[in-house]
Amino acid sequence: MADLTLVYFAWVREAIGRDEEQVARPAPDVTIGALIATLAARGGGHGEAFARPEKLRAALDQRFVPLDSAIGEAKELAIFPPVTGG
Amino acid sequence: MADLTLVYFAWVREAIGRDEEQVARPAPDVTIGALIATLAARGGGHGEAFARPEKLRAALDQRFVPLDSAIGEAKELAIFPPVTGG
Amino acid sequence: MSRVSIQAEDFDPAAELAALEASGGGGVASFTGIVRGEGGLVALELEHYPAMTTAQVERIVGQALDRWPLLGVRVIHRHGRLEPGERIVFVGTASRHRTAALEACAFLIDWLKSEAPFWKKEHFADRTQWVEARAEDDAKAESWKR
Amino acid sequence: MSRVSIQAEDFDPAAELAALEASGGGGVASFTGIVRGEGGLVALELEHYPAMTTAQVERIVGQALDRWPLLGVRVIHRHGRLEPGERIVFVGTASRHRTAALEACAFLIDWLKSEAPFWKKEHFADRTQWVEARAEDDAKAESWKR
C-alpha cells in the first residue's frame, strides 16, 4: 500500500519547514499519537513541532479526529494547532 | 386646568373617526379604564372602539402604562391596540 | 455612535453597513426586515405615534449600549405604505466582539417588533385588516428582561 | 439557495445582502467580521486547509438548513494577508422569520470562528505570532450542540 501523506499547517508547518511529506505507512492500528511520538524522536523540526502533543489537532482524510484514533487505511493525515478561524 | 388631549391609533382611530380630541379633564384619581368606560357609554364610534377594554393599550404623556393607572396631571392620553411594529 | 431614524423613505443597507464597518469594531451584525407578499398582500400600511416613537427607540438603544460594549448602533424604521419586497426596518450593530454585536442586534429587533408604537394594516385586493399582536413577539421581548 | 466561497479576494456585503433580500424571506440577518488593528497589528495572515475547508463549511451550512427554515444562506471566508479594517468573513441568512435568520447567522459564525480549519498569524512591525485558540470560542460552538 502507498505511503501516508502528512500535511502540516500554521506553526507545525513552519517548525518542520515543509507543508507536506510522505512517510512509510504504519500498521493500521497505529494511532496518530503514536506516529507523532515516532516523528518527534527524529528531533530537529519534527522534534520541535511535536514536542507537546496536547497542543496538536489532527484530521484523517479531511475529517477532524482525536489523536488516539488509529490511522487505518487513511491516505492523508493532517497535523496542526487548534484552529483559529474567522 | 386645561382639557385632556386624547390621541387614537389604528382601528381605535378608525372607529372613532378622528385621530385626536379634547375632553373635559377628569379628577386626577380617575383611571384610564374608568375614562374609557365613560367614553364607551357615548355609543357610536366611541362605543365600538372601546367595547372591549382588554384589546386596548394606553400611554400617558408618551409612556406606556396599564389601563388601571390614574390619569393624574397628564396632558396627553393615547389609546390604541397592542402594537404590531417591525 | 448611535443613530435612530423613523422615516417614510427607503434606506440603503449597504451605506449603513459601511458606516458600521468603519466604527473600528471587529464585527458588524445586521437585520433587515422585508415586507412579505403572502396571501395576496398588496401593501402594508404602517402607522406610528410620532411623539413617542423616536424617544422610545432611543431609550431602548440606550439600554443596548448599557448592556453590550457596542461601538455603533443604527436603527431605521419606516412608516407609511410599503409594498411586498420593500424594506421595513434595519438594525445594525458594531462591536469588538461578535457575540455582543449579534445579541444586541437580536435584542433591538425583538423590541422593535413587540414594543415600538407601530401598527400595521394589511391591504389586499378586496379588503384591509389590522394585524393582531402575536404573543410570540411579546415572549421574545420579555425573554431579554430575565 | 446556499453558497459558500473560500477566497483571497474581498467581497461586497451590499451585493450579498441584496441577493438575500430577494430570496422572498421576511428577514435577512448578517454578520461581517473585520480585522481589528489593535496593539500595532500590521496584518493578519490566514492559512487554511483547502482540501477540507469548503467541504466542512458546506456541511455546517447543511446543518443550519436542517435546523432552521432558511430561504438563503451565504458564507464567505477569506484567506491570505489581510490588513486592519479589511473584511475577513461574511455570513448572511434569509428566512420568513427573524429568529431563524438571526439564530442561524449566530450559529454559523460561531462555528466558523471555532471549528473551521483556518489559522491566523499576526504580523507586527517587529515580530509575528500565531493566534492561540480561545476556550471561549469553543464553548460558543459547543453551546449549539445542546
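Each chain gets a letter, A, B and so on, in the order the sequences are listed, and its residues count up from 1.
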Q) By a 4.5 Å heavy-atom criterion (distance strictly below it), what part of A:Arg57 contacts chain D: side chain, backbone, both, or neither? A) neither
Q | Under the side-chain hydrogen bond (donor to acceptor under 3.5 Å, both in side chains) test, residues paired with D:Arg127 that sit two or more places apart | A | D:Gln129
Q) Can you say whether D:Ile88 sits under 4.5 Å from chain A via the side chain, the backbone, both, or neither, judging by heavy atoms? A) side chain
Q. Just wondering, do D:Glu47 and A:Arg13 contact through their side chains at under 4.5 Å, heavy atoms?
A. yes
**Q.** All pairs passing salt bridge (Lys or Arg N to Asp or Glu O under 4.0 Å) where residues 116-125 of chain D contributes a residue, at least two apart
**A.** A:Glu14-D:Lys121
Q.
Looking at every heavy atom in both A:Val83 and D:Ala116, which two are closest together, and how far apart are they?
A. CB-O, 3.2 Å
Q. Using non-hydrogen atoms only, which part of D:His79 is less than 4.5 Å away from chain A: side chain, backbone, both, or neither?
A. neither
(Q) At under 4.5 Å between heavy atoms, what parts of residues 38-47 of chain A are in contact with chain D? List them by residue number. (A) none
Q: Just say parallel, tilted or perpendicular for the rings of A:Phe9 and D:Trp119, cut-offs at 30° and 60°.
A: parallel
Q | Top of D:Arg59, D:Gln56, D:Arg78 for chain A proximity - count of heavy-atom pairs under 4.5 angstrom | A | D:Gln56
**Q.** Contacting moiety of D:Glu132, where chain A heavy atoms sit under 4.5 Å
**A.** both
Q | OG1 on A:Thr84 to CG on D:Leu46, rounded to 0.5 Å | A | 7.5 Å
**Q.** Residues of residues 16-31 of chain D contacting chain A, heavy-atom criterion under 4.5 Å, by residue number
**A.** none
(Q) Rounded at 0.5 Å granularity, tell me how far OH in D:Tyr49 sits from CZ in A:Phe64. (A) 9.5 Å
(Q) Would the distance check show the side chain of A:Trp11 and the main-chain N or O of D:Trp130 forming a donor-acceptor pair, the cut-off being under 3.5 Å? (A) no
(Q) Can you tell me which portion of D:Ala51 sits under 4.5 Å from chain A's heavy atoms? Options are side chain, backbone, both or neither. (A) both
Q: For A:Gly85 and D:His77, work out which heavy atoms get closest and say how close.
A: C-NE2, 4.1 Å
